[in-house]
Amino acid sequence: MKYQKPKGTADIIPPFSNEWQFVEQTARETFKLYNYSEVRTPIFENFEVFSRSAGDTSDIVTKEMYDFHDKGDRHIALRPEGTAGVVRSFVENKLYGPEHAKPVKQYYMGPMFRYERPQSGRLREFHQIGVEAFGSDSPRIDVETIAMAIDFLHRLKVDGTKLVINSLGDLDTRKNYRQALIDYLEPHFDELSEDSKERLHKNPLRVLDSKDANDQKLVEDAPSILDFLTPTAKEHFDVVKETLDQLGIDFVIDSNMVRGLDYYNHTIFEIMVNNKALGHGDVTICAGGRYNGLVEELGGPECSGMGFGLGVERLLLILNQELKDELQKNDLDFYVVAIGNKVKNAAFKLVQDLRSFNYRADQDYLDRKPKGQFKSADKYHAKYVLTLGESELEQGTVNFKNMETGVEKVIKNDNLEQEIKSLTEE
RNA sequence: GCGGUACUGGCGAAGUGGUUAACGCACCGGAUUGUGGCUCCGGCACGCGUGGGUUCGAUUCCCACGUACCGCCCCA
């Protein structure tokens with residue numbers, strides 16, 4: 001094979017592209033109801049936009065960023081996630097200005113890139129749908145965002161979802177908790193996994209997140225961040241919980257749930273789903289939270305944000321199979337069979353007429369015989385076939401055939417649209 | 001970045017160090033000169049991921065590379 005797609009990329013071809021369109025369309029429709037508007041930012045940004053937002057520790061920046069130097073020697077990175085670019089755009093376009101209604105609610109969808117070894121459901125180019133709401137500290141914005149994510153998934157008929165929430169509190173909360181956690185873990189230092197040993201002082205909250213079984217046992221008895229929430233942070237989180245209750249949204253609190261990035265605070269959440277397609281147990285398909293420092297980090301004023309992101313590839317893996325089957329259907333309304341060279345022009349015109357009546361119509365372009373043309377009609381799953389031969393041409397008629405029932409009827413050209421309408425509505 | 005497995009037609013898949021690379025599905029054509037889904041008949045890989053090497057000769061052995069899948073790292 002001469003040319004292959006680059007490592008870790010995928011072609012989204014029909015009929016699967018229909019599923020993508022459905023997901024994207026549903027996202028647009030849902031978000032619109034919550035007064036969100038679409039923002040489209042560049043697929044690549046200056047490297048620093050991402051390195052600053054991610055905090056340049058860890059492999060994220062050094063190893064997994066898909067970056068390069070362009071011909072002007074600019075250090076460029078393909079966006080690894082959506083938030084940083086949207087925040088950069090928010091700041092650069094001064095959407096924090098007083099003339100813009102707050103909160104500023106934006107959503108995005110599109111390709112993201114990570115330079116990593118592809119494996120199950122993890123590509124170098126993948127797709128995310130995400131939302132951001134800037135400029136409100138209200139806990140109700142947190143709840144609205146969460147509710148919108150759940151609403152979106154319900155509209156996609158994803159069921160069995162489970163909402164998990166936690167609060168990381170404010171700066172003081174985290175400072176106090178961080179110390180308490182270190183104090184708790186240090187006596188157990190030798191028992192920790194190698195990874196966690198390293199994380200302990202760099203980012204102790206990540207230890208809570210460890211996949212190591214032994215770490216998890218230790219962490220079970222660790223102090224809970226929720227006990228360290230400052231009064232303000234506690235009140236924020238209380239309102240979030242109350243409001244979720246009020247909306248009848250079930251949730252569980254996992255005080256050990258954390259985020260990889262430093263800029264998160266207060267409410268964080270994940271929506272998990274138990275689905276065989278993604279392996280055993282609950283798997284996160286949507287995650288988000290509140291971030292305060294980020295707008296400032298990227299050069300803007302103090303301005304809080306709340307958002308979530310969701311991986312489309314993973315979402316499609318758990319999409320209801322019946323729904324997918326339905327979406328993959330690509331049925332044609334009409335296939336026009338032309339018999340004999342003399343009718344080709346008339347047949348061509350007929351196809352065009354059908355389209356003008358808003359039917360999905362096609363015909364043969366390979367000079368196939370009638371039998372072959374009917375086979376094509378089958379292949380396209382055409383619901384109806386119009387046959388046009390020399391005799392029909394002379395009499396000013398066409399032959400209408402319902403491909404499912406096999407019933408045929410001769411209809412007159414001069415009343416074509418009405419005849420077809422009534423026949424297809426039977 | 002590290003490790004494991006794989007790579008034969010549009011798809012699934014058999015196979016061998018040596019003249020024509022099974023079989024099934026799909027597709028195309030014919031039987032049926034203007035009608036599909038059934039049946040029968042026929043056609044359909046100048047090549048076995050790419051490039052080297054060993055050999056009189058390699059798709060089959062060896063090496064490198066590529067890609068895919070699985071796992072590790074990481075997961076914004």
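Convention: sequence-line order gives letters A, B, ...; per-chain numbering from 1.
Base engagement by A:Glu390 is indicated by at least one non-hydrogen atom pair under 4.0 Å involving a base atom. No contact: A:Met112 has no heavy atom under 4.0 Å from any strand. Using a 4.0 Å heavy-atom distance criterion, A:Lys379 is classed as a sugar-phosphate-only contact.
The distance from atom CG of A:Asn402 to atom P of B:G37 is 17 Å, rounded to the nearest whole Å. Atom pair A:Glu194:CD and B:C73:P shows a separation of 12 Å (rounding to whole Å applied). Rounded to a whole Å, the CD atom of A:Glu81 is 14 Å from the P atom of B:C75.
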Nucleotides 65-70 of chain B: protein proximity per nucleotide (B base, S sugar-phosphate only, - neither; heavy atom, under 4.0 Å):
-SSS-S
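Checked against B:U35, B:C73, B:C28, the side chain of A:Arg368 finds its nearest nucleotide in B:C28.
For B:G34, its base sits under 3.5 Å from the side chain of A:Glu392 at one donor and acceptor pair at least. Side-chain to base pairing of A:Lys371 with B:U35: no donor and acceptor N or O lie closer than 3.5 Å to each other.
For the C1' atoms, the distance from B:U32 to B:C40 is 12 Å, rounded to whole Å. Nucleotides B:C2 and B:C73 are separated by 8 Å at their C1' atoms, to the nearest Å. Separation of the C1' atoms belonging to B:U19 and B:C46 is 15 Å when rounded to the nearest angstrom.
Taking the centre and axis of the six-membered ring of A:Tyr115, the NZ or CZ atom of A:Arg124 falls inside the cone set by 45° and 6.0 Å.
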Dot-bracket for RNA chain B, 5' to 3', counting Watson-Crick or G-U wobble pairs under 3.5 Å, with [ ] for crossing pairs and | for inter-strand pairs?
(((((((..(((.....[....))).(((((.......))))).....(((((..]....))))))))))))....
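Taking the six-membered ring wherever Trp is involved, the centroid distance between the rings of A:Phe400 and A:Tyr384 falls below 6.0 Å. Here A:Phe44 and A:Tyr66 keep their ring centres 6.0 angstrom or further from each other.
A:Tyr108 pairs by the ring pair (Phe, Tyr, Trp, His ring centres under 6.0 Å) definition with nothing, not counting sequence neighbours.
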